[in-house]
Amino acid sequence: MSKVWPLVFMVLSIGCFSNGSGRQNSTVPDLVNIGALFSYNTSVGRTIKVALEAAFDDINSDPNILGRTKLNLSLQEDSKYRGFLSIAEVLQVMASQTVAIIGPHSSVTAHVITHIANELQVPLLSFSALDPTLSSLQFPFFIRTCHSDLYQMTAIADLVDYYGWKDVIAVFPDDDNGRNGISTLGDKLAERRCKISYKAALRPQASMEEISNVLVQVALAESRIIVVHGNTQLGPQVFTVAKNLGMMGTGYVWIATSFLSALLDINYPLSPDSMDEIQGVLTPRIYTLNSERRRSFVSRWKNLTRGNTANVKLGLSFLPLYAYDTVYALAHALDAFFKEGNQITFSTDSKLSNIHGNNLNLEALKIFKEGNLLRRKIYEVNMTGVSGPFKYTSDRNLANPAYEIINVIGTGTRRIGYWSNHSGLSVVPPETLYSKPVNLPRKNQQLFPVIWPGNTDEKPRGWVFPNNGRLLKIGVPRGVSYHEFVSQIKGTDMFEGFCIDVFLAAVNLLPYAVPYRFISYGDGKNNPSMTELVRLITTGEFDGAVGDIAITTERTRMVDFTQPYIESGLVVVAPIGQAESNALAFLAPFTPKMWFVTASFFILVGAVVWILEHRVNDEFRGPPKKQVVTVLWFSFSTMFFSHRENTVSTLGRVVLIIWLFVVLIINSSYTASLTSILTVQQLYSPIKGIESLVNSKVPIGYTQGSFAKNYLVQEIHIEESRLVPLTTPEEIAKALKNGPENGGVAAYIDERAYTDIFLSSRCDLSVVGQEFTRNGWGFAFPRDSPLAVDLSTAILQMIDNGDLQRIHDKWLLSSACLSQGSKLEVERLQLKSFWGLYAICGVACLFALFMYLIQILRQYQKHYLEEPESIGDQSIGSSSRSSRLKTFLSFADEKEETVKSRSKRRKMERISYRSSVGSSSNKEIASRRSEYVNELL
């Protein structure tokens, strides 16, 4: 900049003001100079000029603001945003001791003149230079009085993410504003895992031919999501050329930044031809609150614009609204500035004094000594303007940025929703959501339907295959074995196999053609590393990979996979032999715990039935030795339904019926399991699964190039020295046959899809244990590739219509080894399979015992405890607790029929006693009572 200064200041020699009209005195000045730098010969510039003049008139006529001080507006023409001339023009304004400058219109000019504003400490207020890189940190005297393009680009990024698109193309003028805006858009897209796949830069004053050449390259690209970031001069030309090239039809998505919404508002209505060129375009419009002040300003707008120099109708965009509020914000800041007793003073810049030149007149440029204080007062403004609340946040940006999302339809526009940094995309006005918690997740975003280019309401896919003659390079692994999955046809570049057929069938289901060619990966002598093949997609060597590629965590970090088209987890293969029978084979159907619980229930049920039948059934009475034998005999004879004892009580019969049902199930299961054990060939392997391998030190084989090695070492922590790479099925079989003793391996680990083919002809080997991973095979493509999504949909369709199963049967259906019908180990019946039956039986037994106890207690109370009361003897009640328990047990052991008979007899005696002649002596009565008590005892 120091080299430019001498050239710039030559402009001052033409006749800049030497001291201007600013006066330095100790009182509040009568007049304060404010400069404005815009191009007033455009429709946008004319609307800004009208708004500025209206704001100055309103402030100067309002005694409540600034009192008797008036604002003097100095309008300076910005010669079509040309940087060098703009410097000269702003110097002319500053030479008149201006305290603030409103403008410039373009960010390109702002980048230049902010250096001058910083040097002279004059606040530069702009509502149209929205470049995000115009930071208050680098340019402290640049004050943005509208929302930065940072928020507009965030809204566009949210819009792209809302519709699920991943790649966009950016068309922009190659200047500061264009480059920095698109760079910000790229950052915001990256936060949402989207990207700008192609940047189409245009010369700022590009001709129609230059625009056409650039858009031709855009049409050859893959993405159909095009973001145009321009200005009101260049932007419409882009759409005119796009229309002529047929790029405004079905399949395209055009998103224009706010220049288009401003153009529509200012020049509304546009001509039919102009509207036809932008049909279906989406554009954000800065949202302004529909307040009473705004409505009043809108009603004045027609009168304000009547008689403008161009004599054309001027509509109201966000620019005049923010221009009006910018003047008011500056007025409020000056008012606060003066109320604190401050005054406007200027001083000579010592740095400029050191620059010598002929006729430069540098003394005209003064430093605004209170510029820093005024700048702080501007950031402290808190008012409500015609655009809505006007307040700065801590990062020196206006609070609550919000946009309307506009869809151009027919002869007008339609609002499809709103965006704000508080709530994201929404169909309700932003101010209604500010009182609610921040709500930005994508699932909560919402917009109304859109009419897209081509007059369709169907959301465009957003991409096509590039129409540049380039074929997708699809890497295909060229392995040594298992050619059923993938193999190269000898002497050709063609491939065949299960994986290839699945890919071809899925591609045929796509609604568009996929230009591709297969490229082999591997030398055919060793199995290639699938992880390395996937990595080459990230480097651009391949555009995708098709083959027997397992979906693993490591690989998904590099690429996107389609829906798995076959399940294939890791399994353990080991040699097997025929298991020898033994003398205790009859115990094999049940586990030891099952045997213990079953035997316990046999005894338990026998004891419960004995308790329930003992007082009413003579077959369950007798000497203790006989009763123990009876219980054991009865309980275990129920196993064969050969018990000869009859049950008499209702509770005993209920328990017996439930138990016999349990016995029936146990017998049937035992018989079936034992039959299977004795008739089906049993196979044996010392390896029981992955757990036994982890706990041992034996060598383990794996397929060369498989992900199994990394999984075993990193996840299961098996020592790498124990792992032996194997290549062909023959080599694998030989290593397993030799075993660890002869330089072979004890077991072999591979994916289930491979082992099914490997074992189909090898009956001496088998899978032991369960699959210990859950993987599948898929086709690999670059991250966020739309082809991966569409092929996943096609694979699911193949699963539904049976095509995938038919391809599987064609390549992988083979005759199984005869020994595969054998069992590798005895499948013993466990307690967990029968605990429900035992629980039911146990509950029934407890319920029966509980009901029996209640029943016998009632009998005891009725037939035993009431007897002493009837004869008036209270001595029994004082007997000890142990004697009462002994009495109760004796009662419980006594046959119920005897108790009832004795009770009946004693009842008759009491009746007879009460009817005796009353002349009997008291001695005789006492004697009888004594005899009665003795009989009871």
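Salt-bridge check for Arg774 with Glu567: failed, with every basic side-chain N at 4.0 Å or more from each acidic carboxylate O. Ion pairing of Asp809 with Arg806 is absent here, as no side-chain N (NZ or NE/NH1/NH2) approaches a carboxylate O to less than 4.0 Å. Salt-bridge annotation for Asp158 and Arg192: present, with a side-chain N of the basic residue lying under 4.0 Å from a carboxylate O of the acidic one. Salt bridge annotation for Glu532-Arg535: present, with a cationic side-chain nitrogen under 4.0 angstrom from a carboxylate oxygen. Lys688 has no carboxylate O lying under 4.0 Å from a charged side-chain N of Glu691, or vice versa, which leaves the two without a salt bridge.
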Donor-acceptor list for residues 477-487 side chains, cut-off 3.5 Å, not counting sequence neighbours:
residue: His483; atom: NE2; partner: Val480; partner atom: O; Å: 3.2

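Side-chain atoms of Ser706 and Tyr711 include no donor-acceptor pair closer than 3.5 Å. In the model, Asp501 has a side-chain atom that pairs as donor or acceptor with a side-chain atom of Trp811 under 3.5 Å. Using modelled atom types and a 3.5 Å distance limit, the side chains of Ser785 and Asp560 yield no donor-acceptor pair.
The shortest distance between side-chain heavy atoms of Pro725 and Tyr702 falls below 4.5 Å.
Between Ile690 and Val572 the shortest heavy-atom distance is N-CG2, 4.0 Å. The two residues Pro528 and Gly522 make their nearest non-hydrogen contact at CB-CA, 4.3 Å.
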